[in-house]
Amino acid sequence: MKALCWYGKTDVRYQDVPDPQILNPHDAIIRVTLTAICGSDLHLYDGAIPTMEKGDILGHEFMGEIVEIGTAVTQLKVGDKVVVPFHISCNHCQHCVDKNFAACDNTNPNAVMADKLYGSSGAAMFGYSHLFGGYAGGQAQYVRVPFADGGALRIPAHIPDEKVLFLSDIFPTGYMAVENCGLKPGDQIAIWGAGPVGQFAIRSAFLLGASKVYSIDDVPERLKLAELGGAEAIDFSKCDLLDELAYRTGGRGPDACIDCVGMEAHGYGMQGLYDRLKTATFLETDRPIALREAILSCRKGGTVSIPGVYGGILDKIPWGSAFSKGLTFKMGQTHVHRYLKPLLDRIIDNQIDPSVIISHRLKLSEAPMAYDLFKKHQQECTKVVLDPLH
Amino acid sequence: MESQTEEQRAQSKVAKDLHEGHKIQKAVTIRAKPEGLYQFWRNLSQLKSILSNVNDIVLINGKRSRWEVQGPFGTPVTWTAEIIEDKPGHMISWKTLPGSDVNHSGSIWFLPRGEQTEIKLQLLYNPPGGKLGDWVATLRQRDPGTLILENLRRFKALIETGEVPTVENQPHGEKKLKYDILSVWQHEIHH
């Protein structure tokens, strides 16, 4: 089959690889019908995530048709159209039983490696380094899906792929980020980053009762898309952001702040310079600019929710502010399995059309160019979906 | 509270039994009753199937068994173990007999915790290759503590899900390079 393989920083290649096989009883093999590049794939593309191996197949947002099932798969059958969550969860350990699927104990064969870096390992992920399991990803024509029952969600055949593909990651991620804020009716939310996760957080915030959503970015096209979703756009390159947010919220600050940016934030001024210097001289791994702003601007007693990915060590976090204001922090990988069915229902009910964020429809063979485009030209490129059959 | 007392009792017992060498202690919690887990562990030929670094376990009699294990430098290491205490459904203690490559003694407990079981394993051993060998093994992630934890996790996955997670024999591009924990840290430091 054809697949997109990682070979190093900004080096990804479309090439022939062996077809996947069933390796365990709960596996299924899926013929991929649509896949996408995630913002977090850019962390791999930038070489910011350790333990990638040359030749690893990328991709954790994908859907397709089941072509083969293992002996223990009972709820799905060959021919089913399914969307697959980006993380792999066993459905049997205590964390899965408690519906904290991203904390699954049993799917990462390299869990001891994650122990050493993070204290303990969460669920494995598709196509996201050996630290997180080393599973081959879905930017490919076929992919092996472990624990298919309870993971892969069956989709009615008449629903277009583009409307449901983002159930695999970014729609649930934006939704859970808002759910984590524990909104009360009338609450106002500020959301850093108007990329795909930010766009879904904006739309989810209104679905969950926010009265006002501020979308913070410096890319005009993304801010326009945020406005289409009902948000008030704030271009942080053109204002004093903390002053602007305080003013717009009557001096209180947003009731909740969501950091949809994560470890590779772009900042201006002294703070941006500081992080660039420190990461360039290896004294810091992540650039937590959005997170600092979220903490400083959030209202007293408010919640800071962090769906943006952080991988390592952060510097100069205003902990005194967080303590003084009594903030609540919620963060972590999304428990996608929790949200699949309820969010599919919202899509079927026409409450949201996730396909509005797609800016580019390309072939898998064009993926190397698409990664470059997604990294360098955020003005025009919000979200790339890839057709693996051509 | 009962299980806590149980554990304290167990810990003082192991302190008495194991009085020299390197100490390793590892634990996992499994969604299953202690009795079945004990039985799986007590059936050494069944146990062999899930221990990733064990080449062979030969039963000599009800209490004695001969083990061949992949050592840290790829060479096999052998020992003969004798069960010195066996409390069905609860704990097993063993020690190696003279003539073994790696002398050690160990205990494993199966402690009920609500609907789950805490498995606690303690081991005292003298590392092959001395302290230097031990240090190198740690860097290469093949130290006994890591191997034991990996195997306890494989056991947990098998019991809870019916399979052990794997990515062996899945497709990938060419030039597959091996990483190790050393390069992970180097990356963390230099990135």
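Just so it is clear: chains get the letters A, B, ... in the order the sequence lines come, proteins before strands, and each one is counted from 1.
- Heavy-atom distances place the side chain of A/Gln15, and not its backbone, under 4.5 Å from chain B.
- With hydrogens and angles disregarded, a donor-acceptor distance shorter than 3.5 Å links the side chain of B/Gln170 to the backbone of A/Gly134.
- Only the backbone of B/Glu168 has a heavy atom closer than 4.5 Å to any heavy atom of chain A.
- Of all heavy-atom pairs spanning B/Ala157 and A/Asn106, the tightest one is CA-OD1, 3.5 Å.
- Minimum heavy-atom separation, B/Lys156 to A/Cys93: NZ-CB, 4.5 Å.
- For a residue to count as touching a neighbouring chain, one of its non-hydrogen atoms must lie under 4.5 Å from one of that chain's; by this rule A/Ala111 touches chain B with backbone and side chain alike.
- Among A/Ala124, A/Pro146, A/Pro20, the residue making the largest number of heavy-atom pairs under 4.5 Å with chain B is A/Pro20.
- More than 12 heavy atoms of other residues, nucleotides or ligands lie within 6.0 Å of NZ in B/Lys48, so this atom counts as buried by the packing criterion.
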>> One pair to check against side-chain contact (heavy atoms from CB on, under 4.5 Å): A/Val17 and B/His172. What are the steps and the verdict?
In response: CA-CA 6 Å; A/Val17 299; B/His172 56 80; over 6 Å; no
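- The backbone N or O of B/Gly173 sits nowhere less than 3.5 Å from a side-chain atom of A/Tyr7 that would complete a donor-acceptor pair.
- Residue B/Thr166 comes nearest to A/Tyr135 through the heavy atom pair O-CE2, 3.8 Å, listed as atom of the first residue, atom of the second, then distance.
- Put simply, CD on A/Gln94 and OG1 on B/Thr29 are 9.5 Å apart, with the number rounded to the nearest 0.5 Å.
- Annotation for B/Pro171 and A/Ala136: closest pair O-CB, 3.9 Å, computed over non-hydrogen atoms.
- Of the atoms belonging to A/Val97, it is side-chain heavy atoms, and not backbone ones, that fall under 4.5 Å from chain B.
- For chain A, the nearby part of B/Val164 is the backbone; its heavy atoms alone come within less than 4.5 Å.
- No other option in B/Gln116, B/Glu160, B/Glu163 has as many heavy-atom pairs under 4.5 Å with chain A as B/Glu163.
- A salt bridge links B/Arg153 with A/Asp115: at least one charged nitrogen is closer than 4.0 Å to a carboxylate oxygen.
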